[in-house]
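All values derive from a computational prediction rather than experimental measurement. All chains are named by letter (A, B, ...) in the order of the sequence lines, taking the proteins before the strands, and each is independently numbered beginning at 1.
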Amino acid sequence: MTDLADSAASPATPTLPAREPLLKVEGLTKHFPVRSGLWGKGSVVRAVENVNFEVRPGETLGLVGESGCGKTTTGRMLVRLLEPTSGKITFNGEDITHTKGSRLRKLRQDIQIIFQDPYASLNPRHTVGRIVAMPLQVNGIEPPGGVKRRVQELLETVGLNPEHYNRYPHEFSGGQRQRIGIARALALQPKLIVADEPVSALDVSIQAQVVNLLRQLQRDLGLSFVFIAHDLAVVRHFCERIAVMYLGRMVEVGTRQQIYENPAHPYTRALLSAVPDVTKLGGAGRIKLEGDVPSPIDPPSGCVFHTRCWKAQEKCAAEAPVLLPNPNGSVAACHFPETGAVI
Amino acid sequence: MTTSTSPAAAAVDPEAYLQVRDLKVQFPTEDGLVRAVDGVSFSVRRGQTLGIVGESGSGKSVTSMSILGLHNPARTKISGEISIGGQNIVGMKEEKIQKLRGKDVAMIFQDPLSALHPYYKVGAQIAEAYKVHHPSASKKEASTRAVDMLNRVGIPQPQRRANQYPHEFSGGMRQRAMIAMALVNDPALVIADEPTTALDVTVQAQILELLEDLQREFQSAIIMITHDLGVVSQVADDVLVMYAGRPVETGSVEQIMKRPQHPYTWGLLASVPSLHGDANVDLVPIKGNPPSLINLPTGCSFNPRCRYAGQNGNRSFSEVPELRPAGEDGHNVACHMSFETRQRLYAEDIAHAGVAQ
Ligand SMILES: Nc1ncnc2c1ncn2[C@@H]1O[C@H](COP(=O)(O)OP(=O)(O)OP(=O)(O)O)[C@@H](O)[C@H]1O
Ligand SMILES: Nc1ncnc2c1ncn2[C@@H]1O[C@H](COP(=O)(O)OP(=O)(O)O)[C@@H](O)[C@H]1O
Ligand code: SF4
Ligand code: SF4
Ligand SMILES: [Mg+2]
Ligand SMILES: [Mg+2]
């Protein structure tokens, strides 16, 4: 499936040379055992189900979808904060699915994560200098010129005053705290950053500052990103390739143009059309989805989207569609993909 | 809509259901006096929606709580006028305000769990909200009304759902249930404070449409408070832009979104990513951070972040700009720059940037 995703994506981006993937994810699955009620019988939350994708060096992949669709769970498996139930994660040619111990510490230098909540992710009792220096110290790295100098460079890179080295997180605003988190993530010169909703908690004017900073770092340092967000407009500004998730599954993967202009999966269309866009006054021409997202404990049969899809037919409830290339250029998991552009 | 801080322009709209004039809300705190709302005026007619936008801390929620008379009078200083259906509620006795609250004026919050009690069945809570203002209604009438409202807000199997507890509802259904409760007494004015911020976009679209349908049916006046310019573009007739507790621009949704006049509104629009236009162009953020409401910059509170503050000699730093007519009818802006300067800068710097294209 992954191969199809890539063969479909590359013709539309001829400027990208054929590069070995930095990150390759195959059949990634995570089930959480849960109990319903105190003595209820055990069941599983199918948080992530057979997900496949690749990220090439210097590429930005966006992971979008509604709350609970498995974005964070996927991200946490990539950085080895969560153990996959099954599947395989390959980074730089090495199988890292179950990496542990000192090898894991080494790996953490290459893959970093930025969290959504700039308040919760920084230790309030540590100075900014200590927070940003932590990854260097944990890994016993002594940069040329010393730790302090390196930390001050990093603060400057993310647009903070290096003289604020000795201040505490509470003395900073939300946007500045997110910059501190970014500086910390950059400390070990990672190759890949998993950013889980890095700007969702910020006000628009501050959000734009942080999005621009991430874009600039991506360009200057050639970083790869897995950028997780529910805001489709933010993702459009940051990512060259986008993967859309629904109920733990990947339903469509494509280039920015394919996903935003010619989406093939009905869910992608509905999601885009639901975004209230500033350039449009009024709410006309919207695709209406009925009901809510079903429970991942008991997902619908066949295509998991069939309970809300306006195109659903008998086949959809019976047979699960797989990711396949479609005439619109992306790969989509749908028996009856849409054709043509969005209006 | 009419909006102003200067008494001369604070015209009374005789057809308005809600009229707010020169509202000031201050909280004395240990750190000093928080000027949360500092001279806001607006009005809303029935059947119309006013969108109030601004970033967090700009005074949106404090404004809406004032309209519901929800501030603790012992810890809040309120002045100005809030006239609801002709009655000024500033300084009104709590018992009298209670008669209005939930009947003439209803509120929809961001978090439905703050309005729904976890230990009572959803139907019973809606029925109770009805009975408070219809004491002569029988228990049966009230519960029939509750089921009817659940049906109206699009909850499937309302009879069965009425007998469930809030935690048995999904997020979108809880929001619908809260809307059902808010609308059970056919309020003339509905205040919705970030009603969809916690919801997914597809559910948000359902809720916004539901509010519009209900407004058409009941001719209610709606105040939609949000930080999301997209939501405002979709639902508002008129818009009030707030910055640091003050109104900086008001006008029709078309004027504000298509021909904005205030540098802060320009900044907001240039900051928002859109689904259209060139995705490779950087966004144009507003530099810096919003000020502390205890220690506002002198002059125009936006001056530390405004790239045009130098355009007006020292005025931006010494004199608070008042809302004045911005050219078109109903469009007002609080900025010292002349109409001509604003037109020129907009054409030169803004019109081709971000979503303003
Ligand atoms: N530790 C856990 N135990 C049980 N279920 C879990 C656990 N962590 C996540 N889940 C469930 O797995 C599913 C996916 O969760 P995840 O946090 O990955 O969603 P998400 O896409 O990041 O959502 P959001 O946009 O709200 O952040 C959800 O149904 C969630 O409730
Ligand atoms: N009870 C209170 N005591 C002191 N300050 C308050 C109180 N309520 C709100 N504020 C302050 O008033 C300002 C405006 O708040 P609010 O109206 O909630 O903003 P928003 O525009 O995000 O809704 C904020 O600085 C907030 O901290
Ligand atoms: S497979 Fe069927 S139900 Fe699923 S998205 Fe396609 S048309 Fe809709
Ligand atoms: S008054 Fe001055 S500082 Fe304020 S918005 Fe106008 S130009 Fe900017
Ligand atoms: Mg998440
Ligand atoms: Mg608020």
Side-chain angles (χ1 to χ4, degrees), chain A residues 64-69 172-176 199 201-213 215-216 230-240 256-257 260-261 267 270-284 286-295 308 342, chain B residues 54-58 154 156 169-173 196 198-206 208-209 212 226-236 253-254 257-258 264 267-290 305 354-357:
Chain A
V64 301
E66 294 180 279
S67 183
C69 71
F172 294 88
S173 68
Q176 288 171 324
V199 296
L202 307 175
D203 267 317
V204 275
S205 71
I206 310 301
Q207 173 178 304
Q209 296 173 359
V210 177
V211 168
N212 283 359
L213 169 67
R215 275 172 66 123
Q216 187 204 331
H230 68 275
D231 185 329
L232 287 132
V234 170
V235 169
R236 181 173 172 271
H237 272 262
F238 192 73
C239 302
E240 323 165 56
R256 179 193 289 154
Q257 201 191 353
Y260 287 90
E261 286 165 38
Y267 178 63
L271 201 57
L272 282 172
S273 114
V275 178
D277 197 74
V278 265
T279 55
K280 244 169 94 182
L281 300 186
R286 207 158 286 264
I287 299 170
K288 253 194 297 173
L289 284 188
E290 301 292 331
D292 298 314
V293 180
S295 158
R308 301 173 80 198
V342 288
Chain B
E55 297 182 272
S56 67
S58 57
F169 281 36
S170 71
M173 266 168 41
T196 57
L199 303 175
D200 278 317
V201 280
T202 61
V203 182
Q204 166 170 286
Q206 296 168 358
L208 293 180
E209 193 167 288
E212 269 179 293
T226 175
H227 67 279
D228 187 331
L229 291 162
V231 169
V232 165
S233 318
Q234 189 184 327
V235 303
V253 68
E254 160 108 29
M257 304 307 290
K258 300 290 179 198
Y264 177 62
L268 282 182
L269 286 168
S271 302
V272 216
S274 164
L275 291 180
H276 305 283
D278 189 348
N280 284 315
V281 182
D282 270 345
L283 303 166
V284 190
I286 304 172
K287 66 179 180 193
N289 291 292
R305 308 179 75 190
V355 299
Q357 309 171 31

S.K.: If you count heavy-atom pairs under 4.5 Å between each of B/Ile286, B/Leu229, B/Leu275, B/Asn289 and chain A, which one has the most?
M.R.: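 Ranked by contacts with chain A, first place is B/Leu275.
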S.K.: Donor-acceptor pair, B/Lys258 side chain versus A/Thr279 backbone, under 3.5 Å?
M.R.: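 Flag set: sc B/Lys258 to bb A/Thr279 pair under 3.5 Å.
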S.K.: With only heavy atoms counted, which part of B/Glu254 is less than 4.5 Å from chain A, the side chain, the backbone, both or neither?
M.R.: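 Looking at B/Glu254, backbone and side chain both touch chain A.
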S.K.: Counting only heavy atoms closer than 4.5 Å, note whether A/Val234 contacts chain B via side chain, backbone, both or neither.
M.R.: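 For A/Val234, the contact with chain B is made by backbone and side chain together.
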S.K.: Name all residues meeting the side chain to side chain contact (heavy atoms under 4.5 Å, CB included) criterion together with A/Ala270; count only those two or more places apart in sequence or in a different chain, and write none if there are none.
M.R.: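 So A/Ala270 forms a side chain to side chain contact (heavy atoms under 4.5 Å, CB included) with A/Ile287, A/Leu289, A/Trp310.
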S.K.: By a 4.5 Å heavy-atom criterion (distance strictly below it), what part of B/Val231 contacts chain A: side chain, backbone, both, or neither?
M.R.: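 For B/Val231, backbone and side chain are both near chain A.
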S.K.: Testing A/His237, A/Arg215, A/Gln216 for side chain to side chain contact (heavy atoms under 4.5 Å, CB included) with B/Asp282, which one passes?
M.R.: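 One option only clears the test, and that one is A/Arg215.
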S.K.: If you round to the nearest 0.5 Å, how far is NE2 of B/His276 from CD of A/Glu261?
M.R.: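 Going from CD on A/Glu261 over to NE2 on B/His276, the span is 9.5 Å.
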S.K.: Counting heavy-atom pairs closer than 4.5 Å to chain A, which one of B/Ala205, B/Pro285, B/Gly288 comes out on top?
M.R.: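 Between B/Ala205, B/Pro285, B/Gly288, the count favours B/Pro285.
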S.K.: Under a 3.5 Å threshold, yes or no: a donor from one side chain and an acceptor from the other, between B/Ser271 and A/Gln207?
M.R.: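 Per modelled atom types, B/Ser271 and A/Gln207 side chains form no pair under 3.5 Å.
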S.K.: So among A/Val275, A/Val293, A/Leu271, which one has a side chain to side chain contact (heavy atoms under 4.5 Å, CB included) with B/Thr202?
M.R.: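 For B/Thr202, the side chain to side chain contact (heavy atoms under 4.5 Å, CB included) test succeeds with only one of A/Val275, A/Val293, A/Leu271, which is A/Leu271.
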S.K.: Taking atom types as modelled and ignoring hydrogens, do the side chains of A/Arg236 and B/Ser274 form a donor-acceptor contact shorter than 3.5 angstrom?
M.R.: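 There is no such pair (donor and acceptor under 3.5 Å, judged by atom type) between the side chains of A/Arg236 and B/Ser274.
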S.K.: Which one, B/Met173, B/Gln204, B/Glu209, leads in non-hydrogen pairs under 4.5 Å with chain A?
M.R.: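 Sorted descending by pairs with chain A, the first entry is B/Glu209.
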S.K.: Quick one: ring-ring contact (aromatic ring centres under 6.0 Å, His included) partners of A/Tyr260, sequence neighbours excluded?
M.R.: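 Partners of A/Tyr260 by the ring-ring contact (aromatic ring centres under 6.0 Å, His included) criterion come out as none, since no residue qualifies.
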